[in-house]
Amino acid sequence: MFKTQRTNHHRPRRHRAKKAGLPPGSLVYVGEVKTPVPALSVIEYDDTGLAETHFPDLAAWRAHQSAHATRWLNLYGLQDATVMREIGTRYQLHPLVQEDILNTDQRPKVESYGDYLFVVARYLSYDADTLSVSSDQVSLVLARNTVLSFQEQSSGTFEPVRERLRSARGQIRKLGADYLAYALLDALVDQYFVVLEQLSVNTEELEDALLDKPNQASLQTLHQLRRATHNLRRAVWPLREVLNTMIRNEEGFFQPGTGVYLRDVYDHTVHIVESIEALRDLQAGMLDIYLSSLSNRFNIELRALTVITTLFMPATLVTGIFGMNFKHMPVLDLPHGFGLALGLMATIALIMVAIFWRRNWLR
Amino acid sequence: MFKTQRTNHHRPRRHRAKKAGLPPGSLVYVGEVKTPVPALSVIEYDDTGLAETHFPDLAAWRAHQSAHATRWLNLYGLQDATVMREIGTRYQLHPLVQEDILNTDQRPKVESYGDYLFVVARYLSYDADTLSVSSDQVSLVLARNTVLSFQEQSSGTFEPVRERLRSARGQIRKLGADYLAYALLDALVDQYFVVLEQLSVNTEELEDALLDKPNQASLQTLHQLRRATHNLRRAVWPLREVLNTMIRNEEGFFQPGTGVYLRDVYDHTVHIVESIEALRDLQAGMLDIYLSSLSNRFNIELRALTVITTLFMPATLVTGIFGMNFKHMPVLDLPHGFGLALGLMATIALIMVAIFWRRNWLR
Amino acid sequence: MFKTQRTNHHRPRRHRAKKAGLPPGSLVYVGEVKTPVPALSVIEYDDTGLAETHFPDLAAWRAHQSAHATRWLNLYGLQDATVMREIGTRYQLHPLVQEDILNTDQRPKVESYGDYLFVVARYLSYDADTLSVSSDQVSLVLARNTVLSFQEQSSGTFEPVRERLRSARGQIRKLGADYLAYALLDALVDQYFVVLEQLSVNTEELEDALLDKPNQASLQTLHQLRRATHNLRRAVWPLREVLNTMIRNEEGFFQPGTGVYLRDVYDHTVHIVESIEALRDLQAGMLDIYLSSLSNRFNIELRALTVITTLFMPATLVTGIFGMNFKHMPVLDLPHGFGLALGLMATIALIMVAIFWRRNWLR
Amino acid sequence: MFKTQRTNHHRPRRHRAKKAGLPPGSLVYVGEVKTPVPALSVIEYDDTGLAETHFPDLAAWRAHQSAHATRWLNLYGLQDATVMREIGTRYQLHPLVQEDILNTDQRPKVESYGDYLFVVARYLSYDADTLSVSSDQVSLVLARNTVLSFQEQSSGTFEPVRERLRSARGQIRKLGADYLAYALLDALVDQYFVVLEQLSVNTEELEDALLDKPNQASLQTLHQLRRATHNLRRAVWPLREVLNTMIRNEEGFFQPGTGVYLRDVYDHTVHIVESIEALRDLQAGMLDIYLSSLSNRFNIELRALTVITTLFMPATLVTGIFGMNFKHMPVLDLPHGFGLALGLMATIALIMVAIFWRRNWLR
Amino acid sequence: MFKTQRTNHHRPRRHRAKKAGLPPGSLVYVGEVKTPVPALSVIEYDDTGLAETHFPDLAAWRAHQSAHATRWLNLYGLQDATVMREIGTRYQLHPLVQEDILNTDQRPKVESYGDYLFVVARYLSYDADTLSVSSDQVSLVLARNTVLSFQEQSSGTFEPVRERLRSARGQIRKLGADYLAYALLDALVDQYFVVLEQLSVNTEELEDALLDKPNQASLQTLHQLRRATHNLRRAVWPLREVLNTMIRNEEGFFQPGTGVYLRDVYDHTVHIVESIEALRDLQAGMLDIYLSSLSNRFNIELRALTVITTLFMPATLVTGIFGMNFKHMPVLDLPHGFGLALGLMATIALIMVAIFWRRNWLR
């Protein structure tokens, strides 16, 4: 049932086009399969303790009894629509929510469905070899005591949150599901800082390379960095709006104490967006420097070559003059005529070199 | 009565200018005739069943009795104003609505006329040969139990909706005319994903070609792709606004359950708009790369040619020197003078080649 | 009293500067005199009939008795301030309104003065010879049963409206002064479509010319087209806002049934604005293509010339070598030496031609 | 006490930086001293008459008794803080208002202080020699029956207003202090039209020069014009906002009849802002034309020179061929060999000239 | 406990990335350590007097008794989280506030926590050697009678405020903590004027250098100035918004009389933002001038070299002609043939020089 599908990492196809014509709410996984077997787990906790369960199959999950007040269900691997359908039925998720969870090219958004809040965010990772930012959709459902999270692949981003839950570090066990949802989003945004830093480092390395020795390959690298920056921006920009909506908290999904934390992660997104804009400005300026340097270098080289050509012209003329076949050219009879001619050529050449040298043309 | 009019596909004339001076509400078809004989059909349905009728002429339609709760009247072929007038009279459409349906260069919009909602959207198709996006106006009228749809040409976009109605797949038969209107718009937007993907593929192919071997024709292709992207954007951008207005649902044309579906298709348009912006950025960056590559290539070629010229200068000077006619040139009497001169030329040339080689000028 | 003033059509001076220092409400005509003798006329109409009167002078107008419910007073020729003052006094127009009517470089605007609405719009015409858009101010005053319209020159734009009034075509005679005001604005906007189409045609012709054979004159033409497009935009952009204000109808100048017509002409302005933006994009892209083509062409020519120079270098060297005066040059004694030397030159030249041919440098 | 300070007109230093560290409300004149001795005058007027007084010193002003309902106090010359302090105390101006009046690099703004409205605007003048726009701050305080105006230098802008007051032209004496404040702002804005026109004339002159014969100096001129346009824009842009705030009249400083006049001057600022944008567009387009023309000219020249070089290559080769020293060159023995050789050279050169001529390369 | 950490001044790493995974509210100093030992001091004052205390350690601070109504606690040196924690506990600061104070790469913001207002601003300084703007975070907490200020390094910016407090100059001692918070922000903004002026001076110096003699290094300098301007803008832009929020004063932290002072410092930020925009425009224009000048210079040089080459071509041809070996060349027998040939060469060269001179090509 689980097949691995190979796709071109560099240029993901827009799979959505293939779904054109299907009725809304059709549960078909749209994206690249990265986890062959779905991995379903539940962490339940409250002030008194924590229980963590990994389910081998859906039947085991069906039989599971809840033991604590707050529940976090996590699913890695989305290509099996039956899993999605069963979870969706149990938690009464709207068909469109189920569809959006499986269509993993959604842009970040938040939608209220009365009983629960549906949040789409993106996990980002940076590949320093291809200089590209790839992204995975992370779907969150925040119900009163429950958080559901869906992702195609385990990226390790949520691991620190699990650790804090297990070790009861900080207040995380005392606060409810809304704080957990915040903690998961915060973990995603923390990862954006990592991507941003790597992008910045690579951009600055390229800047050094450009100033040192510009070549056509640098332009290609710059183009890739700009695209990666664009992709980062595309994930962060709408998330900022999402967090702003969550801070307004019109439906009361968040307790008053959580608002200040949401505002904090919102500030982080604003910070990242501004850094991205600065990065884009830097990259645009680098393009100017590159083009100018390249053109400058060719101009200097062409001038150098033309200078050489120019230097030889007078000497060649002199040889031509003394190579003419006039009968009466007394100068040809001079005993040191040949030496004088060579000296004349050398003198003219030296004068020209001096002039060009003063004009700084002999670089 | 039905004549086919030939127009230049590549550069459609703005027909509206020809109507200047006519009173508002004048029923004249403005656009290209693609369907010679108007095709009028009605699909009626409700929970209990479905009836589909194709009318050979207006008389047949006049005699038709309605059998089900919800009605979808569709008209392909708009150039016969009498058909429009009769439909308009029966459904009490405002003269301006009738005019707008026939003036097929409207931008997407939604207008409430109290008893019905008038929606203009555009069907898009992509021609990979001319790299152009062409568009057809689709006009929808949503009354309480009725949807009217008007288009010059059958494009097959609505066929999946008809199939779902016929097969009673999904909930479509249970929900009313407002859901049908949503389904038609959703079908149009699904088609946009197809156009967007084709445009993206062609853009990326061009990018490969540009990086490989830029030439003047690529620029022309890029220009066409940018125009096509612009046309796509021009159809989607206002539709987003239209859907936003429909979601607000100030006049109550949509039932509560339909709102979530409208929001879904709205999200799709936002997604497409963002992808279009990314595509435009990519295309703008390609222009930079193209111009830089082209200029770079010419610079390298010119340098190569100038290098060749420069290489010959010293040798030519040497021949000139030994071609002078001075009486006293003992060097000319050397037994191996000729060979030495040739050797001198070769040596100078080799030294210059070595210098140019190290400077990377002999590519 | 009526003098014709000559102005530079191509570059209209901003006459407003001459008025600096005058008190507000000073009645001085600011603009170019195009109609030497003011032409004042009134059309009165209602359901029952229509009367049209042209007045030879102000006295005739003073003596005129009104016969129908709705009145449309039109004035062509504004340079005689006494006419303006008398009309202004009779209809109790604010001094600033009178001043604005005579200062014919106003931007489109709408202002409510309680008893009447003051609307400024612009009539546009396109001169295909100078590729320029010229504009005339059209001032409208909409009072309860009266429309006043003021323009320096009869442009024929309002003629279709007059024809519809005379022939009682459409509903125009049944509806009041507010519908008449709409009809006049609609006639102006219809004319914008004509200008837009002509501009588009000229732009596309230029595009063909550019792709075919770019030259410096094309750039000048492009510059003129961009300026003309800018002028068109400058007249339409604020008119859109004006119509939007009129649609809101906060002062109740428009009857409910007229609102839908205003919305229609508003849609037209939005449509024109979008087409203008597309045109501007196209023109900007043409500049890129032009600059690239021009530079490309020169590069190719320069390369061609340099190729020719390069082809001659080896042959010249060969002649130099065999022109040296060494005593011992056995090669010179060969019976077919001359032919061999020529053959050598030809061979080298052919090899070089082959190399350049393969590199595509001999275009 | 009054010293004249020399500053660099072309590049005004930002004097504000020198005040860093002083407490707010510190009364230090920030700007260039242009009027050595402060000139204080009062014009009082109402329906019944007008009295104008110029005060030699503060004592005379202290002793002055008011005779009419509306009062306009004007001060030219701001560098003596004691004058400011005394006026400020008498009219109970907030310390920050006094500071702002003396810090003459404020941007236009309006602030309500309950009892009075504080307005900052700028007087602009254009220097056609340096192509620069210089500006002076004009501060207005509008209290119930009083207008205070402060400016470093008498520019003559307010003279027409004084003339209208003295001659009782228009309604200005009948209306109150709010109308006077409007009249002063209107006088300033009228002056903007003058500056705008001069800038436009110079821009158009430069455009002609550019199209005729572009050179490096034109670029410098263009740069100066763009900076001047920017300075004009910088003064007008916030003034528009100021006038908008005054029109809203939330504090009731303006009587209902004055609102329509404020709206008029507001329209003027909108008009100017639009003309400035058009001017900036024109200037940006001129840069494109300049750069393209310059590059084009150099390309043509370089091509011409290279054409000449190319023309000589074949002839030089011919001379080389007949200059070779082969023993057996029967062609050398032809009686008319020399003439034939010259003829050959001329023929080749003529053919090349013909080819280049047809290709339009001999311009 | 206090270690100095070396960082690269030119390119600060984003330390935030290292915190990814820590729970929110973790107190870890993020930034460069500039003050090795934390310096804690308190200034207390009211109408009656002032007391200033510097604490050697936390214990001394714990034991300190407050003596006056208004208290200003200042901390320089943030790397010891225990100090932050103890202050945070005493003033009941939210864990996120404490975290933000230590994470010194926050963007300017204001947040209300009910009992206190938390403000982040940035101290800026300009390094004229590296042409870079560096910034330090300044965190302010405004509680009812207390202001807390936190900064890594003493920059001297607050010294004038301390002096005014000590000398009781102005009203500062009479007004409360809210006025003190304003005074601190005002001191920061005053410093921005200094930075802006230095940046402007350097930009204008570069402009002179560019117009005089453009070279590749200028471009690099321009790039640095643009980046510095960008950094200045990045600190000021959000501060403007912060001040706007404080002026709205929704939580009542500011007394009515302070509002006018906040509006004043808000105006300063608007002023700075506008000057920054003007500076950016100037810098962008300089790039155009630079690129054009550079290209222009190379074009002129290349033309000059090509002119020289061209001048030699005819003379070389003449020598070739008279160097041919035809038997019958009567011209060679002329007694003054050699002199005539030289004269011919000189004549041709002079004619060409004259032509090039008139075309202005011999610069």
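Note that this is a predicted model, so its numbers are computed, not measured. The chains referred to below are lettered A, B, ... by the order of the sequence lines, with proteins before strands, and numbering in each begins at 1.
Looking at D267(D) and K109(C), a side-chain N of the basic residue comes within less than 4.0 Å of a carboxylate O on the acidic one, giving a salt bridge. A salt bridge links R227(C) and E207(D); the closest N-O separation between the charged side-chain nitrogens and carboxylate oxygens is under 4.0 Å.
For residues 323-338 of chain C, the salt bridge (charged side-chain N to carboxylate O under 4.0 Å, His left out) pairs, not counting sequence neighbours, are D333(B)-K327(C), D333(C)-K327(D). Applying the ring-ring contact (aromatic ring centres under 6.0 Å, His included) definition to pairs two or more places apart or across chains, those involving residues 97-116 of chain C are H94(C)-Y113(C), Y113(C)-Y116(C).
The heavy-atom pair separating S112(C) from R263(D) by the smallest distance is O-NH2, 3.5 Å.
Using a 4.5 Å cut-off between non-hydrogen atoms, the part of residues 340-348 of chain C that approaches chain D consists of A341(C), L342(C), M345(C).
Among V265(D), L291(D), D264(D), V195(D), the residue with the largest count of heavy-atom pairs under 4.5 Å with chain C is D264(D). Contact count against chain C (heavy-atom pairs under 4.5 Å) is highest for L282(D) among I172(D), V189(D), L282(D). Ranked by non-hydrogen atom pairs under 4.5 Å with chain D, the options H336(C), R226(C), Q220(C) are led by Q220(C).
Contact annotation for N299(D): both backbone and side-chain heavy atoms come within less than 4.5 Å of a heavy atom of chain C. With a 4.5 angstrom heavy-atom cutoff, F158(D) does not touch chain C via any of its atoms. No part of T157(D) comes within reach of chain C, as not one of its non-hydrogen atoms sits under 4.5 angstrom from that chain. Both the backbone and the side chain of P314(D) come within contact range of chain C, with heavy atoms under 4.5 Å apart.
Going from atom OG of S295(D) over to atom CZ of F298(C) covers 8.0 Å, rounded to the nearest 0.5 Å.
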- Item | side-chain hydrogen bond (donor to acceptor under 3.5 Å, both in side chains) assessment of R107(C) paired with S275(D) | CA-CA 10 Å; R107(C) 70 191 289 268; S275(D) 299; over 6 Å; no

Could you list the donor-acceptor pairs under 3.5 angstrom formed between side-chain atoms of residues 316-324 of chain D and any protein atom two or more places apart in sequence or on another chain?
residue, atom, partner, partner atom, Å
T316(D), OG1, F312(D), O, 2.8
T319(D), OG1, T316(D), O, 2.7

